[in-house]
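Counting from 1, the numbers follow the sequence of the chain as shown.
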Amino acid sequence: MATSGAGDHGQGQGQGHGRFASSLTARYSDWVLETLDELPGSFLLTDPALPGHPIVYASRGLAALTGYAPRDVLGRNARLFQGAATDRATVAGVREAVRAHRPHQAAILNYRRDGAPHWVLLHLAPLFHARDGTLLHFLAVQVPIAPAAVARGATCHTTGHLLAACRDEASRVAEDFPCATHAGKVFVDMDKRGLETEEPRVPSDSEKDMAISTANSIVSALNSYSKLTGLVVSRKRCDSIGIPALSSSLKLSLGRIKQSFVLTDSRLPNMPIIYASDAFTSLTGYSREEILGCNCKVLNGPGTSLEVLEEVRARII
């Protein structure tokens, strides 16, 4: 099957998928689809506000990885990519993350259109309105997991090789996104495709970094357009309502400090961030709209040391 390009994506939109495109264009801009089409990697976006939590965007890498053209998946739930040998416990973990509106990473066995199984690292991220916390979309990035023998070779030590491998297989990442439906009927009624399987694969640090980097690029692209409509996208649900405003003189003084830092208010529930320096936003990639009202734990991730976190908590208490 030929790899789908931007024209194929547009053709799919013209054949009854306009309402799925409007899920993005109405919230960001009419040009956001073109920008997403230019981004490398395998990913998709779903809209939890629409019945069935359908896929509303599939990246160019999708067809190359899975054999499904964008027009074949738009409007469908992402459980389409699951199969008989997909681990139910892994599926349950993803489903719970979707229901809880929280980020999640998991190695999962998915299936291509021809029934062939393939392992991917699924990086799932909810996207919120930065100001009011409304859930807008779910982003699912998929990075192919190399066999252990390959992972120990030069491919994992060479960034160029890794990028090439990810572009070749990128789309298979996007399809593994198991999005929940309104009724929670997700990851059920799996067919009997590809009963053959193999030992579970463990994603490398490079593959994990690739997933995060791809997600960052997508969120950055969405934000570059959402600001035109006054909408700022965040991967963290924070509430800046009730955060006391700092005086203009204090903001002016703090603005002269060139270091990266935030201020939190211990008198408020969850100790929210009430100020972030310019250097902090440059260092982390979070805008002030995204970070104000959040607890500093939003900066933590799967690789954050639990021992260090306990030491920080002990110092605060």
task: For the pair Y28 (side chain) and L33 (backbone), establish whether a donor and an acceptor sit closer than 3.5 Å, ignoring hydrogens and angles.
output: no

- prompt: Can S249 and S247 be counted as having a side-chain donor-acceptor contact under 3.5 angstrom?
  reply: yes

query: Do the non-hydrogen side-chain atoms of M271 and I316 ever get within less than 4.5 Å of each other?
result: yes

task: Enter the distance from L139:CG to I218:CD1 here, rounded to the nearest 0.5 Å.
output: 4.5 Å

message: With heavy-atom distances below 4.5 Å as the criterion, would you say the side chains of R99 and R95 are in contact?
response: yes

- prompt: Given the rule that I, L, V, M, F, W and Y join up when any side-chain heavy atoms are under 4.5 Å apart, are L135 and V98 in one cluster?
  reply: yes

- prompt: For the atom pair CG (N295) and OG1 (T264), what is the distance rounded to the nearest 0.5 Å?
  reply: 8.0 Å

- prompt: Does F261 share a hydrophobic cluster with I274, counting links as ILVMFWY side-chain heavy atoms below 4.5 Å and allowing steps through other members?
  reply: yes

- prompt: Are any of the side-chain heavy atoms of V262 and C296 separated by less than 4.5 Å?
  reply: yes

- request: Please answer whether the main-chain N or O of A146 pairs with a side-chain N or O of E207 as donor and acceptor at a distance below 3.5 Å.
  value: yes

query: Which pairs with one or both residues in residues 251-260 pass side chain to side chain donor-acceptor pair (under 3.5 Å), sequence neighbours excluded?
result: none

- request: Return the orientation label for the F128 and H101 ring planes: parallel under 30°, perpendicular over 60°, tilted otherwise.
  value: tilted

query: With hydrophobic residues grouped by side-chain heavy-atom distances under 4.5 Å, do W31 and L136 end up in a single group?
result: yes

field: Side chains of P144 and H118 in contact at under 4.5 Å (non-hydrogen atoms)
entry: no

message: Using modelled atom types and a 3.5 Å cut-off, is there a donor and acceptor pairing between side-chain atoms of R201 and backbone atoms of W119?
response: no

- prompt: Looking at side-chain heavy atoms only, is the closest gap between D72 and R113 below 4.5 Å?
  reply: yes

- prompt: Do side-chain atoms of S282 reach the backbone of D278 as a donor and acceptor pair under 3.5 angstrom?
  reply: yes

- request: Give a yes or no on whether the backbone of L109 and the side-chain of T86 come within a donor-acceptor separation of less than 3.5 Å.
  value: yes

field: Check: L36 main-chain N/O paired with Y57 side-chain donor or acceptor under 3.5 Å
entry: yes

message: Would you say that L80 contacts I55 through its side chain, given a criterion of any heavy-atom pair below 4.5 Å between the two side chains?
response: no

Which donor-acceptor pairs under 3.5 Å do the side chains of residues 303-315 make with protein atoms, sequence neighbours left out?
from: T304; atom 1: OG1; to: G301; atom 2: N; distance (Å): 2.8
from: T304; atom 1: OG1; to: G301; atom 2: O; distance (Å): 3.2
from: S305; atom 1: OG; to: E307; atom 2: N; distance (Å): 3.3
from: S305; atom 1: OG; to: E307; atom 2: OE1; distance (Å): 3.1
from: S305; atom 1: OG; to: V308; atom 2: N; distance (Å): 3.3
from: E310; atom 1: OE2; to: R313; atom 2: NH1; distance (Å): 2.9

field: Main-chain N/O of R79 paired to Q82 side chain as donor or acceptor, under 3.5 Å
entry: no

- prompt: Does some side-chain heavy atom of H123 sit less than 4.5 Å from a side-chain heavy atom of K208?
  reply: no

task: Examine I257 and L263 and state if one hydrophobic cluster contains both, with Ile, Leu, Val, Met, Phe, Trp and Tyr joined whenever side-chain heavy atoms are less than 4.5 Å apart.
output: yes

- request: Report the residues that fulfil salt bridge (Lys or Arg N to Asp or Glu O under 4.0 Å) with D265, sequence neighbours left out, ordered by chain and then residue number.
  value: R267

- prompt: About how many Å separate CG of L299 and CD1 of I291, when rounded to the nearest 0.5 Å?
  reply: 5.0 Å

message: Ring centroids only, cut at 6.0 angstrom: are H53 and F138 within range, meaning strictly under it?
response: yes

query: Nearest 0.5 Å, what's the OG-CG distance between S22 and L50?
result: 7.5 Å

query: Is the backbone of M210 close enough, under 3.5 Å, to the side chain of T214 for a donor and an acceptor to pair up by distance?
result: yes

message: Do C294 and P272 make a side-chain contact, defined as non-hydrogen atoms from C-beta onward lying under 4.5 Å apart?
response: no

